[in-house]
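Here is the structure we will look at, set down as structure tokens.
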There are 2 protein chains.
Amino acid sequence: MKPVNLKRLAEELNLSIATVSRALQDSHEVSAATKERVRALAAALHYEPNAYASSLRRNQSKTIGVVIPKVTNHFFSLAINGIEEAARQSNYHVLIYLTHDDHAREVAIIQHLKGGRVDGILLSVASGTEDIAHIQSLAPANIPVVFFDRVCAEIATANVTTNDYESGYQATEHLLAAGCHHIAHLLISNNLSIGRNRQQGYLDALQAHGLPPDADLVLPDTTNRAHNEELLRELLQRRPDIDGIFASVEHLAVSAYHVCRELGRRIPEDVKIVGFSNLESVSLFDPPLTTITQPAHDIGREAARILLRALEKKRPILPSQSVVLNSELVQRRSSEQG
Amino acid sequence: MKPVNLKRLAEELNLSIATVSRALQDSHEVSAATKERVRALAAALHYEPNAYASSLRRNQSKTIGVVIPKVTNHFFSLAINGIEEAARQSNYHVLIYLTHDDHAREVAIIQHLKGGRVDGILLSVASGTEDIAHIQSLAPANIPVVFFDRVCAEIATANVTTNDYESGYQATEHLLAAGCHHIAHLLISNNLSIGRNRQQGYLDALQAHGLPPDADLVLPDTTNRAHNEELLRELLQRRPDIDGIFASVEHLAVSAYHVCRELGRRIPEDVKIVGFSNLESVSLFDPPLTTITQPAHDIGREAARILLRALEKKRPILPSQSVVLNSELVQRRSSEQG
DNA sequence: TTTATTTACGTAAACGTTTTCAGTAAATGG
DNA sequence: CCATTTACTGAAAACGTTTACGTAAATAAA
């Protein structure tokens, strides 16, 4: 079976390839009658343009790369949803890459993407990332990048985040208002922008209420679930005065539930918990978890839109800008006043 | 700044483009010394081959397309994880497309993918899909497709699924053993393979225990959450004899919890619930939800591997085959015997 | 009428890579 | 010593598109 490409269409219609190409692009240089003939045959033969030939020639791929730590975190699932929505509206395609929070993998992915496979990148940096040379190398390669959620302050570009500092502050204050005096912070990572901001909010809220910071009460994620729970168990046993937990990432809140159960600490009577989470079903938890819920879908969509808007210009330079979409504290029973 | 491509490398090294290309592919037709020179300069200039030129010439994109209903369903998140893992190991890329269970969107996506953007497709069909002409058109276009989870029996290709029939049977039998006599089935869709299989398992289990089928007790998903809950509420009120619920998709189990709470039906005392779910945190539910847990990650990885293996041959024909990975019933309190 | 301008199409180059085909020089075999 | 192979390299075509340029005819302006 002969392939159906422009050449084939041109032959069957006794036209040149150029005219066929132009007809399909609805160019004004082609008569209405010819356009109609071309379109009819293209439809009949189910012509589909070769994306690679087109990309090669136009030097643009109509594709954006999404580089994220993991897709099992519900935040990123929702964000992908928003990204796909925006991309589809602009006829763009979405390539997904997972770093698994591994710096080396992130470097390899970014390096590869410089080959022109994508026109732009949406990035949420890996927690293992400290050196950012690979990200900086994108600018000279003319590949714009928009950070979402986990940003990289050293790079001048567009960021879309949520109000992490305020959320950390608010969560902490919420626990204080509920009567907590010794609040632990289960921290996503102090290497990440979001981790630092949430931690700072936590610290400032304590200070505002006259409580001294206590490094002993801050537990960063080890990326190993069993290990996390062990550290937390050890902490709760060593510090029976802990009466509040602020988990700055979903899975740590879940771990906190498990450990509290195991140790017989009642929630919220003995320990009150607030956690970042985008899981709808937290309302079914026992007890329902008070959450900081991020506008994940909107964050993804907004980041994609900014990127896509920039890509429509010939020289996609992204001005430094920060879009902040607010998270929401949803109060449930896990932090109710005893 | 001059672009760094094969031409540039060739010029700087006083070699032909052909030799540079061959050197980078470690061809035996190039001397070791030349290879070394080429590699050194390529590394120094951070040469990255243009993926589109390469794809165009070789007529293969090193990319697979993943077409799924939604990414917010945890099953698909986990599956993507497995797919990405397999793809990365084979140096393949992953394009994501969401159908949102909309047939028209699925058709458009598939049609577009015939343009050569992907070498193969992993597909989990939309619940709205009845006509499968668009899928059938992939074979003549030489694009292999592997179904996972939601298969299309009419198409002769590889399928990767879980043992849906047995799971439906097992879940129902589990509820019967726990003392239920009137078991409702909240069905994902009777248009989907998985829906039909789970429903058949449910029916057969009832029959095996001498219970007549009751169409009144089967509620298919309406894809509208509020509407689902309304129908369920109405059902539970109309049929106070219902003492067991089998939800063949996660979000319907969650809805069942909400409605039961609202109506004051105690779980598991009044109504016992079993649901398909891949959410880890169901163990924190009140009460913890008994689940059928699918090996989602493995299903994705296996489907991807089968596809990738086929793509390595020059003429990727996938023999009809069905790989079945077993789901697991994890018993928790929501189905405990009163 | 002559000269611009517009309309509609064709020719051919280009995008960056891979690969076929030749070609040269050196090495090997008889 | 000639014939043949081997080792390396280059020229050029090809993949399917887009687009700058050219051109002929038709129309408008003079």
Side-chain angles (χ1 to χ4, degrees), chain A residues 2-39 41-42 45-63 91 112 114-119 141-142 314, chain B residues 2-39 41-42 45-63 91 112 114-119 141-142 314:
Chain A
K2 282 207 287 186
V4 37
N5 48 26
L6 289 184
K7 190 169 158 204
R8 166 88 178 279
L9 295 179
E11 279 167 6
E12 307 223 352
L13 291 166
N14 265 322
L15 287 170
S16 73
I17 294 181
T19 303
V20 175
S21 173
R22 279 190 281 247
L24 292 171
Q25 296 173 75
D26 204 19
S27 157
H28 61 276
E29 297 190 68
V30 174
S31 72
T34 306
K35 275 185 196 170
E36 209 30 70
R37 284 212 305 146
V38 171
R39 278 201 275 251
L41 185 64
L45 298 185
H46 299 107
Y47 167 73
E48 194 69 33
N50 182 302
Y52 293 103
S54 176
S55 293
L56 176 60
R57 177 57 224 245
R58 304 182 104 126
N59 198 26
Q60 60 156 327
S61 60
K62 286 275 178 190
T63 305
N91 280 314
H112 177 91
K114 284 192 289 185
R117 199 177 274 272
V118 299
D119 295 338
N142 254 319
K314 36 245 90 207
Chain B
K2 281 206 288 185
V4 37
N5 49 26
L6 289 184
K7 189 170 158 203
R8 166 89 179 279
L9 294 179
E11 279 168 7
E12 306 224 353
L13 291 167
N14 266 322
L15 287 171
S16 73
I17 293 181
T19 302
V20 175
S21 173
R22 279 191 280 246
L24 291 172
Q25 296 175 76
D26 205 18
S27 157
H28 62 275
E29 300 190 72
V30 174
S31 73
T34 307
K35 274 185 196 170
E36 209 29 70
R37 284 211 306 146
V38 172
R39 278 201 275 251
L41 186 65
L45 296 185
H46 299 108
Y47 168 73
E48 194 68 33
N50 183 302
Y52 293 103
S54 177
S55 293
L56 176 60
R57 179 56 224 245
R58 304 182 105 126
N59 198 26
Q60 59 155 330
S61 60
K62 286 275 178 190
T63 305
N91 279 315
H112 178 91
K114 285 192 288 187
R117 198 177 275 272
V118 299
D119 295 338
N142 253 319
K314 37 244 89 210

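Chain naming here is simple, since letters A, B, ... match the order of the sequence lines and numbering starts at 1 in each.
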Point to revise | Whole angstrom value for the distance that separates C1' of D:dT17 from CG of A:L9 | key: 12 Å
Revision key, fill the gap. Atom CZ of A:R8 and atom P of D:dT17 are separated, to the nearest Å, by 12 Å
**Study point:** B:S61 (side chain) donor-acceptor with B:R117 (main chain) under 3.5 angstrom
**Key:** yes
Review point. Can you tell which of C:dC9, D:dT19, C:dT19 lies closest to the side chain of A:Q25?
Key: D:dT19
Review point. Rounded to the nearest Å, what distance is computed from the CG atom of residue B:N14 to the C1' atom of nucleotide D:dT9?
Key: 13 Å
Point to revise | Any B:L6 side-chain heavy atom under 4.5 Å of B:L24 side chain | key: yes
Review point. Whole Å only: how far is the CD atom of B:Q60 from the C1' atom of C:dT17?
Key: 13 Å
Check your understanding: Does a nitrogen or oxygen in the side chain of B:S31 sit under 4.0 Å from OP1 or OP2 of D:dC8?
Key -> no
Exercise for review: Scan A:S54 against the nucleic acid and name what it touches under 4.0 Å (heavy atoms): base, sugar-phosphate only, or nothing.
Suggested key: sugar-phosphate
Revision key, fill the gap. So CG of B:L41 and CG of B:L13: to nearest 0.5 Å the spacing works out to 4.5 Å
Review point. Does a nitrogen or oxygen in the side chain of A:Y47 sit under 4.0 Å from OP1 or OP2 of D:dT17?
Key: yes
**Study point:** 5' precedence on DNA chain D between B:N59 and B:A32 (nearest-nucleotide basis)
**Key:** B:A32
Which atoms of nucleotides 11-15 of chain C (N or O only) lie under 3.5 Å from a protein N or O atom, and what are those distances?
unit_1: C:dA14; atom_1: N3; unit_2: A:R57; atom_2: NH1; d: 3.0
unit_1: C:dC15; atom_1: O2; unit_2: A:R57; atom_2: N; d: 3.4

Exercise for review: Have a look at A:S55 and say if it touches a base, only the backbone sugar-phosphate, or nothing, with a 4.0 Å heavy-atom cut-off.
Suggested key: nothing
Check your understanding: Just how large is the angle between the end axes of the helix from C:dT1-D:dA30 to C:dG30-D:dC1, five pairs per end, to 10 degrees?
Key -> 40°
Check your understanding: Expressed in angstrom and rounded to an integer, what is the separation of A:D26 atom CG from C:dA8 atom P?
Key -> 13 Å
Point to revise | B:H28 NE2 to D:dT9 P, straight-line distance once rounded to whole Å | key: 13 Å
Revision key, fill the gap. note: B:K62, atom NZ; C:dT17, atom P; distance rounded to Å ~ 17 Å
Which pairs, protein N/O on one side and nucleotides 23-27 of chain C N/O on the other, fall under 3.5 Å?
none

Practice item. Take atom CD of A:E36 and atom P of C:dC9, then tell me their distance rounded to the nearest Å. Key: 13 Å
Review point. Hey, does the side chain of A:T34 come within less than 4.0 Å of C:dA8's phosphate (OP1/OP2), counting only N and O?
Key: no
Check your understanding: Judged by atom type as modelled, is there a donor-acceptor pair below 3.5 Å linking the side chain of A:S55 to the main-chain atoms of A:A51?
Key -> yes
Exercise for review: Look at the side chain of B:Y47 and the backbone N and O of B:N5, then say whether any donor-acceptor pair between them is shorter than 3.5 Å.
Suggested key: no
